[in-house]
2 protein chains.
Amino acid sequence: MGKEVGLFRTFMSRKGLRKTPERDQIIEEIFATTDHFDVDGLYLRLRQKGSKVSKASIYRNIPLILECGLIKEVWHEDGHMHYEAFYGQAPHCHLRCLQCGQVIEFFAEDLEKTKKRLENQYGYKILDHRLDMKGYCSKCQGNF
Amino acid sequence: MGKEVGLFRTFMSRKGLRKTPERDQIIEEIFATTDHFDVDGLYLRLRQKGSKVSKASIYRNIPLILECGLIKEVWHEDGHMHYEAFYGQAPHCHLRCLQCGQVIEFFAEDLEKTKKRLENQYGYKILDHRLDMKGYCSKCQGNF
DNA sequence: TTTACTGCAAAAGGTTTGCATGGGT
DNA sequence: ACCCATGCAAACCTTTTGCAGTAAA
């Protein structure tokens with residue numbers, strides 16, 4: 001059992017909610033890879049492994065997993081939301097190729113400075129951020 | 001007539017597409033304020049001013065206005081996409097309060113450096129970026 | 001005259017919800 | 001025993017699309 005399942009169980013328990021096999025399976029599958037995912041893909045992966053979890057259950061649990069901090073919304077594309085497993089990874093940003101869809105993850109070391117500045121300047125308590133860049137990768141430049 | 005209408009007409013013309021009153025009205029209304037907007041809100045503002053533009057026309061034109069560079073997608077929330085007028089503004093980022101919804105726009109001066117670094121490191125040509133931060137504003141801290 | 005553009009209404013597709021059943025505590 | 005969670009199917013809502021009429025070029 002991955003450690004994320006334990007974290008989620010604790011989170012649920014603190015909220016007076018229940019541990020269920022479906023919830024365990026969802027968390028396990030999200031952390032089975034480090035990739036980004038969407039609801040439909042996660043559902044198919046679960047089915048392939050023999051799980052009977054319904055999409056409704058996935059949709060009902062995603063807000064809880066977000067609140068728990070284990071996943072993050074990363075972008076809305078092709079008509080649906082995309083997420084990424086978050087726990088255990090330093091926060092990172094995305095660079096995407098508009099042509100081939102390649103995603104490079106990178107760290108923006110300067111962001112912390114900007115964050116501090118904003119907290120001082122506006123009195124905010126900043127909890128989360130998202131930085132994405134788009135463009136063309138070396139291979140795709142000139143292919144259009 | 002706002003200068004954005006002219007820019008969009010030129011853009012359309014280069015693509016062999018047409019100038020229509022509906023397109024002019026949509027562009028004018030987007031740039032009537034500097035606020036963020038969504039399709040439904042834009043549609044209502046147009047109706048209030050007596051325009052007969054349909055939502056279908058707004059939806060059909062948004063990809064073109066995006067491609068033209070006059071607007072940007074900023075975030076997907078409450079089940080629909082939010083945009084902002086883009087032309088004539090230096091690119092800016094958003095800091096949002098999760099409690100009251102206040103949005104502060106700021107400039108992240110360090111981003112250019114990061115962008116350059118990525119272009120060199122990965123051979124990318126970067127066209128666009130998005131940086132958003134979320135947290136609680138000074139008033140809302142402690143109100144929950 | 002050609003054919004892109006529009007409004008309308010229907011369709012599509014992702015997400016949410018009502019309901020009856022099942023299962024955790 | 002209580003009532004939260006699930007699966008199913010229907011509902012919901014934003015966005016897309018087919019169609020017939022209209023109007024740019």
Side-chain angles (χ1 to χ4, degrees), chain A residues 1 5-6 8-30 36-47 49-68 71 73-83, chain B residues 1 5-6 8-30 36-47 49-68 71 73-83:
Chain A
M1 189 187 88
V5 173
F8 192 56
R9 284 185 182 175
T10 304
F11 175 82
M12 290 283 98
S13 168
R14 285 221 184 91
K15 289 181 80 84
L17 302 175
R18 294 174 181 166
K19 160 174 80 68
T20 68
E22 289 81 4
R23 285 178 170 159
D24 288 354
Q25 289 164 23
I26 291 170
I27 301 291
E28 287 284 19
E29 190 52 42
I30 286 174
H36 304 127
F37 66 94
D38 54 33
V39 169
D40 199 59
L42 180 61
Y43 173 73
L44 291 175
R45 277 159 54 194
L46 282 160
R47 288 247 128 192
K49 296 195 178 173
S51 168
K52 296 284 190 302
V53 182
S54 68
K55 272 192 195 174
S57 285
I58 298 177
Y59 278 114
R60 276 192 270 241
N61 279 295
I62 277 198
L64 292 164
I65 310 174
L66 279 166
E67 188 187 343
C68 176
I71 62 172
E73 296 183 339
V74 283
W75 57 65
H76 187 276
E77 203 176 55
D78 302 321
H80 59 273
M81 187 58 70
H82 296 244
Y83 305 87
Chain B
M1 190 186 86
V5 172
F8 192 56
R9 285 186 181 175
T10 304
F11 176 81
M12 292 283 97
S13 167
R14 284 222 185 90
K15 289 180 81 83
L17 302 176
R18 295 174 182 169
K19 160 173 81 66
T20 68
E22 290 80 6
R23 285 178 171 158
D24 287 355
Q25 288 163 24
I26 291 170
I27 301 293
E28 288 283 20
E29 190 51 44
I30 288 174
H36 305 127
F37 66 94
D38 52 32
V39 169
D40 197 59
L42 180 60
Y43 173 73
L44 292 176
R45 277 160 53 194
L46 282 160
R47 287 246 128 193
K49 297 195 178 173
S51 169
K52 296 282 188 302
V53 181
S54 68
K55 272 192 193 173
S57 284
I58 298 177
Y59 278 115
R60 276 192 271 240
N61 278 296
I62 277 198
L64 293 164
I65 310 175
L66 280 166
E67 188 186 345
C68 176
I71 62 172
E73 294 184 339
V74 284
W75 57 67
H76 188 275
E77 204 176 54
D78 303 322
H80 59 271
M81 188 59 72
H82 295 244
Y83 306 87

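By convention in this document, chain letters (A, B, ...) are assigned in the order of the sequence lines, proteins followed by strands, and residues within each chain are numbered from 1. None of these values were measured; they are calculated from a predicted model.
Taking side-chain N and O atoms only, B:S57 has a distance below 4.0 Å to OP1 or OP2 of C:dG7. Contact check, A:T20 against D:dC4: no side-chain N or O comes under 4.0 Å of OP1 or OP2. Residue B:N61 places none of its side-chain N or O atoms closer than 4.0 Å to OP1 or OP2 of C:dC5. Contact check, A:Y59 against C:dT15: a side-chain N or O comes under 4.0 Å of OP1 or OP2. Taking 4.0 angstrom as the limit, A:R60 places none of its side-chain polar atoms (N or O) nearer than this to OP1 or OP2 of C:dT16.
Within 4.0 Å (heavy atoms only), B:K55 reaches no atom of the nucleic acid at all. Among the heavy atoms of the strands lying under 4.0 Å from A:K52 are primed sugar atoms or P, OP1, OP2 only; no base atom is included. Counting any heavy atom pair closer than 4.0 Å across all strands shown, A:D78 reaches no nucleic acid atom. Among the protein residues, A:D40 comes within range of no part of the nucleic acid, since none of its heavy atoms lies under 4.0 Å from any strand. Across all strands shown, B:S54 has heavy atoms under 4.0 Å from base atoms, whether or not it also approaches the sugar-phosphate.
Under 3.5 Å, the side chain of B:R18 and the base of C:dA4 form at least one donor-acceptor pair of N or O atoms.
Nearest heavy-atom pair, B:E28 versus B:M1, reported as atom, atom and distance to 0.1 Å: OE2-CA, 3.3 Å.
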* Would you please test B:Q25 and B:S51 for side chain to side chain donor-acceptor pair (under 3.5 Å) and show each step? => CA-CA 8 Å; B:Q25 288 163 24; B:S51 169; 2.5 Å; yes
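The side chain to side chain contact (heavy atoms under 4.5 Å, CB included) with A:E29 is formed by just one residue from the set A:D24, A:V53, A:L46; it is A:L46.
Following rounding to the nearest Å, A:I26 (CD1) and D:dG7 (C1') show an atom-to-atom distance of 12 Å.
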